[in-house]
Every structure is written in C-alpha cells, then in structure tokens.
Amino acid sequence: MFFNKEEINSRVGSSAPGVIAIMLLCLCGCNAGYIRPPRNRQARIMVMETTGYCNCGKCCGWERSFFGLGQPVYSYGPNKGKPKQVGVTASGTRARHGTVAADTRYLPFGTVIYVPGYGYGRVEDRGGAIQGKKIDLWFSSHEKALQWGRRKIKVKVWL
Ligand SMILES: [Zn+2]
C-alpha cells in the first residue's frame with residue numbers, strides 16, 4: 001500500500017497529539033507527577049532519616065525458592081517461605097518512583113511527603129526496619145537506591 005505525501009502528513013498530524021500525550025504521561029510517571037500535596041492543609045517540616053530501596057530481594061526480603069530457580073518467596077520474618085508478589089506494596093499498589101515506605105503508626109498510608117532531591121512521594125509501603133522517623137524511598141534499580149544512601153534531611157509532610 002502506498003500513501004502520497006499529503007496522506008502521510010495528515011496521518012502523522014493526527015497522531016501527534018497522541019504521541020505528545022504518551023510522552024507527557026511518561027514524564028509525569030517518571031517524576032511522580034501523579035502525587036500532589038493536599039491544597040487545604042499545611043505541610044509540617046520534619047527531620048527524617050531517609051534511605052532508598054528497590055524491588056530486589058535484598059531490599060524487600062525475598063528470594064527464589066528451589067535453589068534460586070522457583071518463585072519469589074519471603075526470605076525471613078513471619079511469612080518466610082510464603083509466596084511474595086514482587087513490586088507490590090504493603091497497601092497493594094504497584095511500587096514506582098514516589099512510593100514511600102514508612103512506619104504507618106506515625107505516617108499512615110496515603111500521607112504525602114516532599115523529599116528534597118527525590119520529589120513528591122506517598123506512603124504506600126512498610127518495611128521491617130522502617131520505624132519511627134525513618135522513611136524508605138523507592139528507586140527503579142538497586143544501584144540508584146544505593147546512590148541515595150542514608151540522608152538525614154528536612155522533609156515536608158502533609159498528615
Ligand atoms: Zn534493591
């Protein structure tokens with residue numbers, strides 16, 4: 001099938017808004033633009049110890065059963081040996097940039113946090129070692145999580 005120049009132009013023209021929309025979606029997804037602080041509430045400034053984590057077995061306490069060949073299972077804790085859904089947070093959402101693990105006794109699920117150098121995040125996860133004034137920030141790779149390291153910084157919290 002052949003298209004003349006005009007036909008091609010009109011086809012490209014009509015798909016351009018779609019392409020732009022997809023690009024914007026990606027940009028927003030990568031920058032956690034889907035998280036917005038609540039407008040009617042003031043943020044509290046809190047000093048917190050922040051660390052990074054990813055979906056890997058080291059960060060999330062899982063390993064593969066059957067000598068590393070089987071399905072992911074919890075490697076320790078009360079669920080040891082039970083199947084683990086990798087990349088799914090304690091609140092049931094899919095972990096992505098902006099996912100924050102916190103001590104939900106102090107910062108309940110849904111709490112929006114602004115972390116300088118990371119951006120907006122939302123409490124959607126928990127972690128065994130994440131207690132008190134500690135939060136864990138999700139990164140797409142273990143390397144990036146390590147790069148973040150451990151930073152005690154002032155963050156904004158919308159409780
Ligand atoms: Zn990791």
Side-chain angles (χ1 to χ4, degrees), residues 19-39 41-159:
V19 170
I20 290 165
I22 289 164
M23 280 168 66
L24 281 175
L25 269 176
C26 174
L27 279 173
C28 291
C30 303
N31 293 316
Y34 62 96
I35 300 170
R36 293 262 177 271
R39 265 184 243 161
R41 262 177 287 162
Q42 275 234 280
R44 267 174 63 181
I45 310 286
M46 296 170 89
V47 177
M48 295 214 125
E49 191 175 304
T50 66
T51 44
Y53 78 110
C54 76
N55 286 341
C56 84
K58 260 189 198 167
C59 289
C60 294
W62 62 270
E63 61 194 8
R64 291 194 179 275
S65 58
F66 300 110
F67 311 103
L69 301 168
Q71 61 171 329
V73 293
Y74 288 93
S75 49
Y76 50 81
N79 293 322
K80 184 172 164 43
K82 286 184 187 162
K84 154 98 178 146
Q85 273 192 293
V86 174
V88 177
T89 64
S91 64
T93 60
R94 192 149 283 278
R96 52 184 166 173
H97 189 96
T99 297
V100 174
D103 186 339
T104 50
R105 286 174 301 178
Y106 303 108
L107 303 174
F109 286 141
T111 304
V112 174
I113 301 179
Y114 179 79
V115 183
Y118 182 77
Y120 284 102
R122 190 162 52 204
V123 177
E124 291 179 351
D125 212 356
R126 276 192 280 244
I130 304 305
Q131 289 182 1
K133 287 192 164 183
K134 283 184 188 171
I135 50 172
D136 219 356
L137 311 169
W138 189 90
F139 288 90
S140 57
S141 76
H142 195 69
E143 201 189 1
K144 286 179 191 168
L146 286 180
Q147 250 172 33
W148 179 268
R150 188 178 295 271
R151 303 182 191 181
K152 206 171 179 184
I153 44 174
K154 278 182 189 168
V155 302
K156 283 184 186 175
V157 180
W158 286 266
L159 283 165

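Atoms within each ligand, like the ligands themselves, are counted from 1 in listed order.
V86 has its side chain within reach of W62: a pair of non-hydrogen atoms, C-beta onward, lies under 4.5 Å apart.
R105 CZ to Q131 CD: the interatomic distance, rounded to the nearest 0.5 Å, is 5.5 Å.
Taking the Zn ion (ligand 1) as reference, the nearest N/O/S atom within H142 carries the name ND1.
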* **Stepwise ring-ring contact (aromatic ring centres under 6.0 Å, His included) test for Y34 and Y120** => CA-CA 9 Å; Y34 62 96; Y120 284 102; over 10 Å; no
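For a distance bound of 2.8 Å, the N, O or S atoms of C60 include none lying that close to the Zn ion (ligand 1).
Screening T111, T93, T104 for a side-chain hydrogen bond (donor to acceptor under 3.5 Å, both in side chains) involving E124 leaves a single residue, T93.
Taking the Zn ion (ligand 1) as the apex, the angle formed with SG of C56 and SG of C59 is 110°, to the nearest 10 degrees.
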